[in-house]
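One structure below.
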Amino acid sequence: MTRMILKTAAFAAAAAAFSGAVVDAAESADADAIAGGNALKPKWVVDGVFMDEECGTCFPHEAKTCNKELWRRCCAQEISCHDYHCRSAIWGELKPGDRVRAREDFLSDDEARAELNKGMSGKVVKTDGDGGAFIKFQRDDLDDDDFVSHWVFKTTFWDKLELPGKAGRLRAAKLATCMDNCTRGADCRLNDMTKKRQKTFQTCTMSCKFEKCREDVECSEMLQAYQTCKQEASSKGKCKASTPATAPSSEL
């Protein structure tokens with residue numbers, strides 16, 4: 001009877017080991033398939049459409065004749081477009097060997113759409129040369145064998161990850177986002193604001209904590225690089241909407 005119990009236990013252990021090996025092999029195969037691809041980009045990046053065609057009828061010079069909702073939408077799109085072209089001036093480009101840490105939960109930019117959790121640390125394994133980084137994330141920092149590897153596109157890197165030891169860059173990124181939000185709140189009409197709007201805008205910008213950035217050399221330099229990039233993007237018309245053949249209706 002004892003011998004039979006031992007045989008049954010041994011069989012169960014062997015079956016469990018085999019099952020685990022099959023699962024590990026499947027996960028390894030999936031990981032290899034993911035690693036062989038590239039980071040998935042947001043649709044608006046793939047399409048290359050940063051601003052609606054209608055914006056070309058009035059934005060950014062004809063506020064008085066522009067439909068208010070259209071103007072607000074174009075304002076927000078221009079801010080997002082400039083940020084897409086210039087956020088790398090703050091964060092730089094990820095390269096193999098770089099260490100990262102998740103600032104909040106997010107989904108990977110690959111077919112797996114895996115959930116990666118706040119606090120997970122990772123190391124860039126390779127990049128695709130087009131804004132994507134393949135990163136090995138540790139589920140448990142104390143267990144090197146407990147990890148997952150996934151693609152992350154640069155827009156996700158900017159929003160969800162941080163570079164340990166680069167506090168100045170993180171501060172500059174937060175300040176840039178804060179200032180962009182203030183500009184968005186003012187509908188991009190910084191040159192013709194009412195006194196009430198000026199006060200609201202000033203209150204908003206004060207909450208961005210400029211002084212702390214000025215006291216940090218890295219933050220100050222990164223923020224200046226970001227602002228310079230935005231000015232160049234504007235002067236080169238990188239975010240300028242083309243004028244549509246037919247002007248849109250004033251009703252949205």
Side-chain angles (χ1 to χ4, degrees), residues 31 33-51 76-138 147-181 183-184 218-219 221-234 236-239:
I34 293 172
N38 295 78
L40 299 180
K41 302 176 182 178
K43 186 176 185 303
W44 57 272
V45 174
V46 175
D47 294 343
V49 178
F50 296 95
M51 296 188 69
Q77 290 174 349
E78 182 183 62
I79 291 173
S80 296
C81 178
H82 284 161
D83 186 72
Y84 177 76
H85 286 295
C86 298
R87 184 64 60 156
S88 290
I90 294 176
W91 283 116
E93 301 287 346
L94 286 176
K95 58 185 182 299
D98 280 347
R99 297 280 182 176
V100 300
R101 182 168 52 238
R103 288 192 280 144
E104 56 186 271
D105 296 348
F106 68 97
L107 299 179
S108 63
D109 296 313
D110 48 37
E111 295 294 345
R113 300 298 287 167
E115 183 175 349
L116 301 166
N117 303 120
K118 178 180 179 179
M120 290 179 70
S121 60
K123 182 178 181 180
V124 177
V125 177
K126 64 178 181 178
T127 59
D128 61 12
D130 196 26
F134 190 64
I135 305 175
K136 177 182 177 181
F137 290 96
Q138 295 292 149
F147 67 88
V148 290
S149 298
H150 290 285
W151 283 101
V152 174
F153 188 59
K154 61 183 179 182
T155 51
T156 301
F157 159 46
W158 298 335
D159 293 339
K160 307 298 183 181
L161 301 178
E162 65 181 356
L163 300 170
K166 301 291 185 180
R169 290 178 183 268
L170 179 58
R171 182 174 289 116
K174 288 183 177 180
L175 177 52
T177 297
C178 183
M179 289 302 300
D180 282 348
N181 287 338
T183 301
R184 187 180 288 106
E218 183 181 39
C219 178
E221 290 179 349
M222 295 303 99
L223 185 64
Q224 181 59 51
Y226 179 73
Q227 292 173 334
T228 299
C229 177
K230 289 178 68 177
Q231 291 171 356
E232 291 178 352
S234 179
K236 293 180 180 179
K238 289 185 177 181
C239 299

Seminar exercise, completed: Hits for side-chain hydrogen bond (donor to acceptor under 3.5 Å, both in side chains) against Glu221, two or more places apart or cross-chain, chain-then-number order -> none

Exercise. Is the backbone of Lys123 close enough, under 3.5 Å, to the side chain of Arg99 for a donor and an acceptor to pair up by distance?
Worked result: no

Seminar exercise, completed: Shortest non-hydrogen pair, Leu40 vs Glu111, comes out as CD1-N, 3.8 Å

Exercise. Does NZ or CZ of Lys154 fall inside the cone over Tyr84's six-membered ring, less than 6.0 Å from its centre and within 45° of the axis?
Worked result: yes

Exercise. Any side-chain heavy atom of Ile135 sitting closer than 4.5 Å to one from Val100?
Worked result: yes

Exercise. With a 4.5 Å limit on heavy-atom distance, are the side chains of Pro96 and Val125 in contact?
Worked result: no

Exercise. Are side-chain heavy atoms of Asp83 and Tyr226 found at a separation under 4.5 Å?
Worked result: yes

Problem set entry | Side-chain heavy atoms of His82 within contact of Ser234, under 4.5 Å | yes

Exercise. With a 4.5 Å limit on heavy-atom distance, are the side chains of Leu107 and Thr156 in contact?
Worked result: no

For this session: Taking the side chain as every heavy atom from C-beta outward, state whether Trp158 and Ser88 have any atom pair closer than 4.5 Å.
Result: yes

Exercise. Would a distance-only check, ignoring hydrogens and angles, find a side-chain to backbone donor-acceptor pair under 3.5 Å from Asp98 to Lys95?
Worked result: yes

For this session: Verify the distance criterion only: is there a donor paired with an acceptor across the side chains of Glu232 and Thr228 at less than 3.5 Å?
Result: no

Exercise. Angle class for the His85/Phe50 ring planes (parallel below 30°, perpendicular above 60°, tilted otherwise)?
Worked result: tilted

Exercise. Are side-chain heavy atoms of Phe134 and Thr127 found at a separation under 4.5 Å?
Worked result: no

Exercise. What pair of heavy atoms forms the shortest contact from Ala172 to Ile90, and how long is it?
Worked result: O-CD1, 3.9 Å

Exercise. About how many Å separate NZ of Lys160 and CE of Met120, when rounded to the nearest 0.5 Å?
Worked result: 15.0 Å

Exercise. Do side-chain atoms of Asp110 reach the backbone of Trp151 as a donor and acceptor pair under 3.5 angstrom?
Worked result: yes

For this session: Just do the side chain to side chain contact (heavy atoms under 4.5 Å, CB included) check on Leu170 and Leu163 with the steps written out, would you?
Result: CA-CA 8 Å; Leu170 179 58; Leu163 300 170; over 6 Å; no

Problem set entry | Over all atoms of both residues, closest heavy-atom pair of Gly132 and Ala39 | CA-CB, 3.6 Å

For this session: Determine, step by step, whether Glu104 and Lys118 satisfy the salt bridge (Lys or Arg N to Asp or Glu O under 4.0 Å) criterion, reporting the C-alpha distance in whole Å, the side-chain angles of both residues, the deciding distance to 0.1 Å, and the verdict.
Result: CA-CA 4 Å; Glu104 56 186 271; Lys118 178 180 179 179; over 6 Å; no

For this session: Output yes when a side-chain donor or acceptor of Arg87 lies under 3.5 Å from a complementary backbone atom of Gly92, and no otherwise.
Result: no

Exercise. Once you round to the nearest 0.5 Å, how far does SG of Cys219 lie from NZ of Lys174?
Worked result: 11.0 Å

Problem set entry | Partners passing side-chain hydrogen bond (donor to acceptor under 3.5 Å, both in side chains) against Lys41 (at least two apart in sequence or in another chain) | Asp130

Exercise. Where do Leu161 and Phe106 land on the side chain to side chain contact (heavy atoms under 4.5 Å, CB included) test, with the steps shown first?
Worked result: CA-CA 9 Å; Leu161 301 178; Phe106 68 97; 3.7 Å; yes

For this session: State the CG-CG distance between Leu223 and Leu175, to the nearest 0.5 angstrom.
Result: 5.0 Å

For this session: Go through the structure and list residues passing side chain to side chain contact (heavy atoms under 4.5 Å, CB included) with Pro164, not counting sequence neighbours.
Result: Arg101

Problem set entry | Any donor-acceptor pair under 3.5 Å from Thr183 side chain to Met179 backbone | yes

Problem set entry | Met222 vs Arg169, side chain to side chain contact (heavy atoms under 4.5 Å, CB included): CA-CA, chis, key distance, verdict | CA-CA 7 Å; Met222 295 303 99; Arg169 290 178 183 268; 3.3 Å; yes

Exercise. With the threshold set at 4.0 Å, does a side-chain nitrogen-carboxylate oxygen contact exist between Lys230 and Asp180?
Worked result: yes

Problem set entry | Over-ring placement of Lys136 relative to Phe147, 6.0 Å and 45° cut-offs | yes

Seminar exercise, completed: Output for pair (Cys229 SG, Gln224 CD), nearest 0.5 Å, gives 11.5 Å

For this session: Taking the side chain as every heavy atom from C-beta outward, state whether Met51 and Glu78 have any pair of such atoms under 4.5 Å apart.
Result: yes

For this session: Before giving the answer on side chain to side chain contact (heavy atoms under 4.5 Å, CB included), spell out for Arg171 and Glu218 the whole-Å C-alpha distance, their side-chain angles and the decisive distance to 0.1 Å.
Result: CA-CA 9 Å; Arg171 182 174 289 116; Glu218 183 181 39; over 6 Å; no

